[in-house]
2 protein chains.
Amino acid sequence: MATLKQVAAHADVSVQTVSNALNAPHRLRPDTLRRVNQSIEALHYRPNRNARSLRTSAVELIGYCVPSPPNGQAHLVMDQFLHALCSAAETTGRHILLFTAPTGLEGMPTYEDLLARRLVDGFVLSQTQTHDPRHGWLKEQRIPFVSFGRVWKETSQPGPFVDVDGAAGCAAATRHLYATGRRRIAFLSWPKSSGLAEDRMGGWRQTCKELGLPTTGLAKRCPKDSIEAGARATAELLDAAEPVDGIVAVSDVLALGVLRELGARGYTAGVDVGVTGFDDSPLASVVSPGLTSIRQPMDEIAGALITLLTGPAGTGTEHLLQPELVIRGSSAPG
Amino acid sequence: MATLKQVAAHADVSVQTVSNALNAPHRLRPDTLRRVNQSIEALHYRPNRNARSLRTSAVELIGYCVPSPPNGQAHLVMDQFLHALCSAAETTGRHILLFTAPTGLEGMPTYEDLLARRLVDGFVLSQTQTHDPRHGWLKEQRIPFVSFGRVWKETSQPGPFVDVDGAAGCAAATRHLYATGRRRIAFLSWPKSSGLAEDRMGGWRQTCKELGLPTTGLAKRCPKDSIEAGARATAELLDAAEPVDGIVAVSDVLALGVLRELGARGYTAGVDVGVTGFDDSPLASVVSPGLTSIRQPMDEIAGALITLLTGPAGTGTEHLLQPELVIRGSSAPG
DNA sequence: CTGAAAGCGCTTACAG
DNA sequence: CTGAAAGCGCTTACAG
């Protein structure tokens with residue numbers, strides 16, 4: 001492996017000049033720059049990042065804690081998220097370092113350790129829980145981080161965050177069902193303790209009000225995010241005196257439960273009942289009819305996360321992004 | 001941040017001694033070691049990894065290229081894989097560095113670059129394609145790597161690999177269906193170009209032979225890995241003169257197609273027809289009845305990958321691991 | 001615009 | 001078992 005010194009010798013300049021050619025090319029005379037670049041090329045030179053980091057004390061690495069799968073449901077869009085995050089980081093010359101840590105506050109020493117050993121410059125948090133304790137802790141320790149997702153505290157959120165406007169997404173889904181002729185639209189949610197679900201449900205409720213649609217008895221909270229729970233809630237909605245003709249689900253998994261119950265009763269999703277999910281996970285395009293779902297704009301999310309974490313101080317501290325309704329057969333046949 | 005020097009001063013020893021306390025504690029007298037450790041504790045010292053890496057020229061980071069999602073189907077067990085890989089790496093003091101690269105040979109310069117800049121010590125390859133060109137290229141460049149998955153070349157595979165014995169998995173699934181009374185067991189596969197699918201199918205075929213079961217007309221190749229394709233193939237199998245009573249699918253997605261077609265015809269999976277999938281993805285436990293599926297032992301896989309990549313030279317070069325049949329309602333009701 | 005030199009925080013022969 | 005010193009490969013004030 002060639003070093004800066006060797007390149008300098010080859011180009012007959014000082015190491016300072018080669019370093020400048022790499023990091024501040026405008027400081028060089030064009031012909032000098034060209035000569036240096038030729039030497040770099042000739043020697044196949046690649047700057048050693050460790051040496052640079054040691055000197056500048058910036059490693060250009062961002063830590064991301066891989067959620068442990070047993071810990072809850074599978075993260076069905078994690079591959080999308082990680083790819084977007086990685087791409088966004090790379091546009092700024094950075095990379096993602098993966099690590100594992102215990103859940104919640106217990107994992108915090110791991111974060112501190114990684115930073116102290118200079119393995120990373122900061123962290124991206126995801127899988128944010130309602131009242132997640134990590135954010136406050138990190139902020140207190142002055143550890144750089146940015147969050148994907150809100151902690152849904154009454155007070156202002158510690159640290160910068162990026163999130164998707166779930167209420168707007170569910171409002172769009174509700175309007176879409178209305179536009180396709182639905183007039184009794186239910187909402188399938190998670191337990192009340194989920195700030196995320198409450199936010200999304202708010203979008204549905206508000207839109208129903210605006211459209212003059214009923215909401216009484218149409219909000220169902222499923223105890224778990226499972227197909228089973230979604231199917232059960234759907235059964236209740238269909239058995240009611242006034243059955244529903246549209247269902248907005250807070251997740252794709254619950255929506256799949258809706259589809260199953262509809263199928264079991266011989267109904268056709270998209271014809272008899274319009275159905276929408278949330279996340280546009282692989283599940284959505286794999287079922288038939290396809291599941292209309294609310295897609296989180298992963299590339300924008302990732303870009304905003306990286307900007308907030310690494311950008312200049314005045315970059316702002318929160319981004320609320322608009323999701324996109326992906327329409328498939330479950331809400332609009334043909 | 002405290003440095004080695006400061007710890008040495010605090011403990012009243014030389015830096016060499018502090019370094020030894022960290023990297024070769026047996027060289028110190030017990031009381032010296034204790035004194036040094038107290039100073040480390042008191043100053044909250046954490047060794048700077050960049051300085052260490054610069055000196056030793058080992059960064060203890062392993063590169064993993066995140067597959068781009070549009071590139072094919074979603075990687076449904078990627079979160080499991082990454083978590084296992086990360087954990088395994090951490091038991092050796094290493095971490096995973098994520099990056100993106102173009103598919104196939106086009107991405108190779110990125111690998112070379114990451115190694116040359118000393119961002120990683122080597123690579124873990126996954127999403128291995130049949131006749132994957134990356135392995136040969138990396139081996140030729142003497143870039144350290146290990147592969148999850150075989151390239152299914154006629155000649156010996158370039159470089160070390162870890163894989164799961166798909167044939168054994170499908171043999172187990174076939175035996176299981178036989179044990180639950182099935183006598184006409186079909187196999188749903190991918191196109192013949194997939195070495196992976198051919199291997200798995202071989203396990204089914206061999207086992208059928210051993211059990212005296214028919215195979216003629218019972219191997220179906222689905223053009224795509226989709227629910228649709230699985231359902232269509234199932235329809236053919238059920239419409240045949242002699243319908244099947246068991247189906248081993250090469251993937252969970254195809255198996256879901258089987259379940260859908262069975263449901264559409266009023267059959268019950270696990271009662272009328274026994275069904276198994278492959279991968280034990282989140283899909284398998286989310287449907288109802290649950291899908292019996294062949295689980296890849298992620299922790300073992302990850303451990304073997306890390307060992308092969310980072311272990312001493314004589315660690316061997318290939319590991320073929322045994323998968324585990326996870327039995328759910330689709331093959332054995334109640 | 002360019003050069004000589006210090007120093008980032010470690011590890012590791014080399015002496016004692 | 002311990003210490004003084006060199007050096008890993010960069011960046012960056014500081015002079016010229």
Side-chain angles (χ1 to χ4, degrees), chain A residues 1-40 43-61 93-94 113-121, chain B residues 1-40 43-61 93-94 113-121:
Chain A
M1 292 274 41
T3 68
L4 203 59
K5 210 171 174 179
Q6 293 168 340
V7 176
H10 187 276
D12 198 29
V13 294
S14 72
V15 289
Q16 154 87 301
T17 302
V18 180
S19 180
N20 279 335
L22 256 24
N23 302 314
H26 60 271
R27 288 199 199 148
L28 270 61
R29 270 206 311 259
D31 61 319
T32 313
L33 181 57
R34 201 170 329 109
R35 205 165 77 248
V36 173
N37 279 333
Q38 279 168 0
S39 293
I40 287 175
L43 299 180
H44 243 84
Y45 172 69
R46 293 283 177 285
N48 181 317
R49 185 67 150 269
N50 281 117
R52 177 179 218 280
S53 295
L54 177 58
R55 191 57 238 256
T56 64
S57 79
V59 286
E60 320 272 76
L61 248 35
R94 293 177 174 82
D113 199 64
L114 287 168
L115 189 71
R117 307 187 111 93
R118 308 298 12 257
L119 269 89
V120 302
D121 295 324
Chain B
M1 292 272 45
T3 69
L4 203 59
K5 210 172 175 179
Q6 292 168 343
V7 176
H10 187 275
D12 198 28
V13 294
S14 72
V15 290
Q16 155 88 301
T17 303
V18 181
S19 181
N20 279 337
L22 257 24
N23 303 313
H26 60 270
R27 288 198 200 149
L28 269 60
R29 271 205 311 259
D31 62 319
T32 312
L33 181 56
R34 200 169 334 109
R35 206 166 76 245
V36 173
N37 279 333
Q38 279 168 0
S39 294
I40 287 175
L43 299 180
H44 243 86
Y45 172 68
R46 293 282 176 286
N48 181 318
R49 186 67 149 270
N50 281 118
R52 178 178 217 280
S53 296
L54 177 58
R55 192 56 237 260
T56 64
S57 78
V59 285
E60 321 272 74
L61 249 33
R94 292 178 175 81
D113 198 65
L114 286 169
L115 189 71
R117 307 187 110 94
R118 306 299 11 258
L119 269 89
V120 301
D121 295 325

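Numbers restart at 1 for each chain; the letters A, B, ... are given by sequence-line order, proteins then strands. Computed from heavy atoms alone, side chains included, the values below leave out hydrogens, waters and symmetry copies.
Between Pro47(A) and Arg117(B) the shortest side-chain heavy-atom distance falls below 4.5 Å. Residues Leu119(A) and Val59(A) form no side-chain contact, since every pair of their non-hydrogen atoms from C-beta on lies 4.5 Å or further apart.
Between the CG atom of Leu61(A) and the CG atom of Leu114(A) there is a distance of 10.0 Å, given to the nearest 0.5 Å.
Taking every heavy atom of both residues into account, Thr32(A) and Val13(A) meet most closely at CG2-CG1, 4.2 Å.
Heavy atoms of other residues, nucleotides or ligands lying less than 6.0 angstrom from CG of Asp31(A) number more than 12. More than 12 non-hydrogen atoms from other residues, nucleotides or ligands lie less than 6.0 angstrom from CG of Asp113(B).
Looking at Arg118(B) and Asn50(A), their side chains never bring a donor and an acceptor atom within 3.5 Å of each other.
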Using a cut-off of 4.0 Å between protein heavy atoms and nucleotide atoms, how would you tag nucleotides 1-10 of chain C 5' to 3' with B, S and -?
SSBB-BBBBB

5'-to-3' dot-bracket of DNA chain C (Watson-Crick, G-U; under 3.5 angstrom; crossing pairs as [ ]; | other strand):
|||.||||||||.|||

